[in-house]
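Worksheet: the structure to be examined is printed underneath.
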Amino acid sequence: METGNLQLAIRQIEFARSYTATLLDGLSDDDWFRQPSEGITNIAWQVGHLAMAEYGLCLFRLRGRRAEDLDLMSGKFRKQFSKGSQPAPEPAHNPTPDELRQVLERVHQQVLSELAAASEQQLDETIDEPYAVTPTKLGALFFCSHHEMLHAGQIGLLRRLQGKGPVR
């Protein structure tokens with residue numbers, strides 16, 4: 001593995017998060033829980049899912065679960081926003097937008113901190129899907145940014161359905 005690959009993966013993760021943040025700017029708390037009439041998803045679920053997925057792809061897949069991970073997010077949070085879970089449109093059944101942003105930021109900062117110390121040998125270890133580019137732990141990092149951009153697109157569509165303009 002070239003050392004540049006880790007830096008490229010980190011830059012992609014940072015770019016995806018920066019783009020997601022622009023989509024969240026200016027939303028009211030009510031905007032986070034609005035669902036299209038079909039009731040498929042809402043912004044709150046998308047953000048919770050992104051936090052859970054970044055944890056899974058960048059921390060859990062690289063080094064397993066640790067007791068201190070509960071300081072990043074609770075087990076209940078992980079289950080509420082895992083793949084296949086159903087968004088709850090009622091604010092009372094969700095963390096607040098501020099809480100969602102805090103978890104998203106805590107996980108992201110922990111990822112950046114741990115990736116700064118990741119070894120080439122560790123990132124070359126083979127894993128099962130999901131991954132992108134290569135079936136290794138490095139591939140999980142690349143998949144993280146691709147996954148976030150996919151969900152950023154959904155957040156962008158939800159914004160447009162609420163009558164908001166595009167951010168780009």
Side-chain angles (χ1 to χ4, degrees), residues 5-62 69 72-115 129-134 138-168:
N5 286 335
L6 174 57
Q7 291 308 311
L8 179 61
I10 291 170
R11 284 195 302 266
Q12 287 184 352
I13 290 167
E14 289 175 323
F15 171 80
R17 182 52 49 83
S18 174
Y19 183 67
T20 299
T22 65
L23 292 168
L24 301 176
D25 286 344
L27 295 175
S28 71
D29 285 3
D30 289 341
D31 293 337
W32 284 65
F33 301 102
R34 285 194 184 114
Q35 289 188 230
S37 59
E38 292 80 11
I40 295 171
T41 193
N42 60 36
I43 292 170
W45 186 89
Q46 295 290 324
V47 172
H49 179 71
L50 286 174
M52 184 281 311
E54 186 177 26
Y55 166 79
L57 290 166
C58 297
L59 297 175
F60 180 75
R61 303 248 351 200
L62 263 62
D69 291 347
L72 299 173
M73 73 176 67
S74 68
K76 178 184 175 193
F77 186 101
R78 270 195 325 276
K79 289 175 188 160
Q80 183 174 0
F81 298 106
S82 66
K83 179 180 178 181
S85 63
Q86 296 298 310
E90 304 85 14
H93 295 113
N94 289 281
T96 67
D98 283 342
E99 291 167 335
L100 288 163
R101 282 181 182 263
Q102 289 169 14
V103 172
L104 190 69
E105 183 62 17
R106 270 196 312 271
V107 170
H108 189 64
Q109 290 308 312
Q110 187 66 31
V111 165
L112 296 178
S113 173
E114 291 192 29
L115 290 183
E129 289 186 339
Y131 57 79
V133 183
T134 177
L138 177 65
L141 301 180
F142 282 123
F143 184 71
C144 181
S145 62
H146 297 206
H147 178 261
E148 181 145 345
M149 290 303 288
L150 178 143
H151 285 279
Q154 293 180 49
I155 293 169
L157 178 59
L158 290 167
R159 285 174 50 90
R160 297 302 298 272
L161 290 170
Q162 294 177 14
K164 295 176 180 13
V167 297
R168 292 194 177 206

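Side-chain contact between Arg160 and Pro166 is present, with heavy atoms from C-beta onward closer than 4.5 Å. Within the 4.5 Å cutoff, the side chain of Asp25 has no heavy atoms near those of the Val167 side chain. Looking at Cys58 and Ile13, their side chains come closer than 4.5 Å, going by heavy atoms from C-beta outward. The side-chain heavy atoms of Thr96 and Pro91, taken from C-beta on, include no pair separated by under 4.5 Å.
Between Trp45 and His49, the angle of the ring planes stays under 30°, which puts this pair in the parallel group of the 30/60° scheme. Ring geometry, Tyr19 versus Phe15: the interplanar angle falls under 30°, so the pair is classed parallel (tilted spans 30 to 60°).
Pairs engaging residues 75-96 under the salt bridge (Lys or Arg N to Asp or Glu O under 4.0 Å) rule: none recorded [sequence neighbours left out]. Note on residues 144-158: pairs passing salt bridge (Lys or Arg N to Asp or Glu O under 4.0 Å), not counting sequence neighbours, are Arg17-Glu148.
In this structure, the side chain of Thr20 engages the main chain of Ala16 through a donor-acceptor pair within 3.5 Å.
With Ile155 as the partner, the side chain to side chain contact (heavy atoms under 4.5 Å, CB included) test is satisfied by one option alone out of Thr22, Thr41, Leu24, Asn42: Leu24. Of the listed residues (Leu57, Leu62, Leu8), just one forms a side chain to side chain contact (heavy atoms under 4.5 Å, CB included) with Leu141, and that residue is Leu62.
Of all the heavy atoms in His151 and Leu50, the pair that sits closest is CB-CD2, 3.7 Å.
Checking Asn94 against Gln80 by side-chain atom types alone, a donor-acceptor pair falls below 3.5 Å.
Scored by the salt bridge (charged side-chain N to carboxylate O under 4.0 Å, His left out) test, Glu105 finds no partners at all (sequence neighbours excluded).
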